[in-house]
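Just below is one structure, and these are the notes that go with it.
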Amino acid sequence: MSLFNTETIQIEELKNLLENQIPIKIIDVRSKANFDQWHIPGSELLPVNEALQASNDNVFADMKFNPNLPVVVVCQEGFLSRKATEQLRDLDIEAYSLAGGIKHWTRVWNTAEIQFDDTKIIQVRRAGKGCLSYLIINHGEAAVIDAAVAPQTFIDLAESHQAQIKYVLDTHIHADHFSRSRQLAEQTGAVLLMPEQDILQYNFTPVYDGDQFNVGKAILKALHTPGHTNESFSYLLNNHILFDGDLLFLNGVGRPDLKSSGEIARQKTAKLYRSLQKVLNLSGDTLILPGHYHQPVAFDGTLIGETLKNLKAQLYLLNLDETSFIDEILTNMPDTPPNFEQIVDLNISGDAGNYNLIDLEAGENRCSSQM
Ligand SMILES: [Fe+2]
């Protein structure tokens with residue numbers, strides 16, 4: 001029996017297949033360069049892009065497929081995958097084209113949870129983009145950090161844990177996705193907490209270094225950690241878990257160069273170094289929960305995070321002196337992310353207006369210096 005009675009499936013249907021571990025084969029028919037940038041976890045690149053672009057027939061004729069394993073075909077926007085699906089079906093393979101391709105996949109999210117004493121933390125991961133948001137729940141109250149998916153997602157998660165969203169916070173002004181924090185605060189009546197700065201063009205409650213906020217019986221302490229951006233903050237929960245935005249990732253540190261270059265970028269990199277030293281002074285057992293992940297997020301419910309002492313052991317950048325750190329960062333900067341200036345402008349206005357966020361946010365995040 002077939003999984004679906006259509007030739008095209010929606011991103012939510014693929015998400016359900018992955019979450020329920022239904023055996024399927026996902027094949028990607030884009031170019032190797034596009035695949036290497038970002039892909040669906042577990043997918044396999046087949047070297048058929050040029051042949052499909054040239055409208056060749058029988059592109060898969062010489063390839064072996066398991067006749068019992070349904071195939072989902074992925075391309076950039078869902079057009080080439082339709083051609084590929086038709087050809088696979090001609091070979092009697094149960095094939096489906098993913099509607100909207102990898103571009104729509106950037107909206108898909110999944111979750112992982114941890115319990116720390118009486119606090120539950122839900123990590124909400126944009127599987128197709130790597131943005132990580134957090135819901136902190138303690139004694140019926142909740143806080144959301146860096147809301148990167150639709151506000152209703154957090155409202156539903158909070159309700160399912162009988163919690164009221166009290167605070168909505170961003171770690172910084174984002175350049176890779178539109179922040180949904182303002183909308184979420186408006187829809188829930190929560191207090192919108194944003195790092196102190198004079199850039200944002202809408203009303204918010206400013207956060208200053210050392211401020212503390214109660215979420216139920218948990219305490220969230222604000223630490224100013226500039227560098228990635230000047231206004232960047234990290235939030236320390238009960239002196240044990242650090243939501244550090246784009247300061248420190250599992251594979252490297254934040255990039256300090258966006259919207260700056262030359263001496264300004266050098267000064268920002270020096271700030272980044274000092275902010276990292278501030279964090280490195282915390283207990284080695286501190287759990288670092290970053291704002292991004294550098295790989296496609298698996299549907300395995302495993303939290304993306306690491307203790308500070310393990311990151312220090314794994315990342316050479318955390319063991320350099322200031323001059324070496326600055327030189328290393330500034331000489332190894334990856335390409336700037338697509339559309340970052342428009343995204344920053346939208347985040348400054350706090351209003352996505354009529355922008356197509358799928359188009360704008362397409363592509364992987366590049367907030368890290370080490371991609
Ligand atoms: Fe960022």
Side-chain angles (χ1 to χ4, degrees), residues 37-38 106 109 123-126 128-134 144-149 168-182 193-197 199-200 204 207 222-235 242-261 264-265 267-269 271-273 275-276 278-279 288-295 297 304-305 311 315 317 329-330 332-350 352 357 360-371:
Q37 276 192 358
W38 203 260
T106 62
W109 55 271
Q123 184 178 58
V124 180
R125 305 99 69 87
R126 274 182 78 164
K129 196 166 172 64
C131 303
L132 307 177
S133 308
Y134 296 93
V144 176
I145 296 179
D146 287 336
V149 297
V168 176
L169 313 87
D170 273 1
T171 52
H172 64 290
I173 301 171
H174 295 281
D176 68 315
H177 68 271
F178 177 66
S179 168
R180 276 70 169 179
S181 292
R182 183 187 181 198
L193 296 169
M194 289 287 180
E196 188 274 327
Q197 35 63 43
I199 305 168
L200 295 180
F204 60 92
V207 174
L223 304 176
H224 187 208
T225 49
H228 172 63
T229 64
N230 279 327
E231 79 286 351
S232 286
F233 265 76
S234 301
Y235 301 107
L242 188 73
F243 304 92
D244 77 317
D246 292 354
L247 174 66
L248 175 57
F249 303 110
L250 269 50
N251 71 323
V253 302
R255 63 185 298 163
D257 65 314
L258 293 180
K259 291 213 153 202
S260 65
S261 60
I264 303 282
Q267 286 168 12
K268 281 174 73 181
T269 312
K271 283 186 189 172
L272 186 75
Y273 179 82
S275 294
L276 286 165
K278 188 170 173 177
V279 165
I288 302 294
L289 295 180
H292 287 111
Y293 192 46
H294 56 287
Q295 291 172 18
V297 180
I304 294 166
L311 287 179
L315 300 176
L317 282 169
I329 293 290
L330 292 180
N332 290 305
M333 208 57 75
D335 293 341
T336 51
N339 303 328
F340 84 92
E341 284 178 313
Q342 290 110 300
I343 294 175
V344 169
D345 287 347
L346 284 192
N347 279 327
I348 288 171
S349 73
L357 289 178
L360 198 69
E361 295 177 335
E364 87 280 29
N365 77 75
R366 292 193 197 138
C367 283
S368 165
S369 295
Q370 302 292 301
M371 297 300 293

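First listed ligand is number 1; within each ligand, the first listed atom is number 1.
For Asp146, the side-chain hydrogen bond (donor to acceptor under 3.5 Å, both in side chains) partners two or more places apart in sequence, or in a different chain, are Thr171, His174. Residues passing the side-chain hydrogen bond (donor to acceptor under 3.5 Å, both in side chains) test with Thr225, sequence neighbours excluded: Ser234.
His292 lies apart from the Fe ion (ligand 1) in this respect, since none of its N, O or S atoms is found at a distance under 2.8 Å. In summary, His228 places an N/O/S atom under 2.8 Å from the Fe ion (ligand 1), meeting the contact criterion. Residue contact annotation: Asp246 places an N/O/S atom under 2.8 Å from the Fe ion (ligand 1).
Summarising the geometry of Pro290 relative to Gly305, their closest heavy-atom pair is CD-CA, 4.5 Å, with the distance given to 0.1 Å. In terms of heavy-atom proximity, His228 sits nearest to Leu272 at N-CD1, 3.5 Å.
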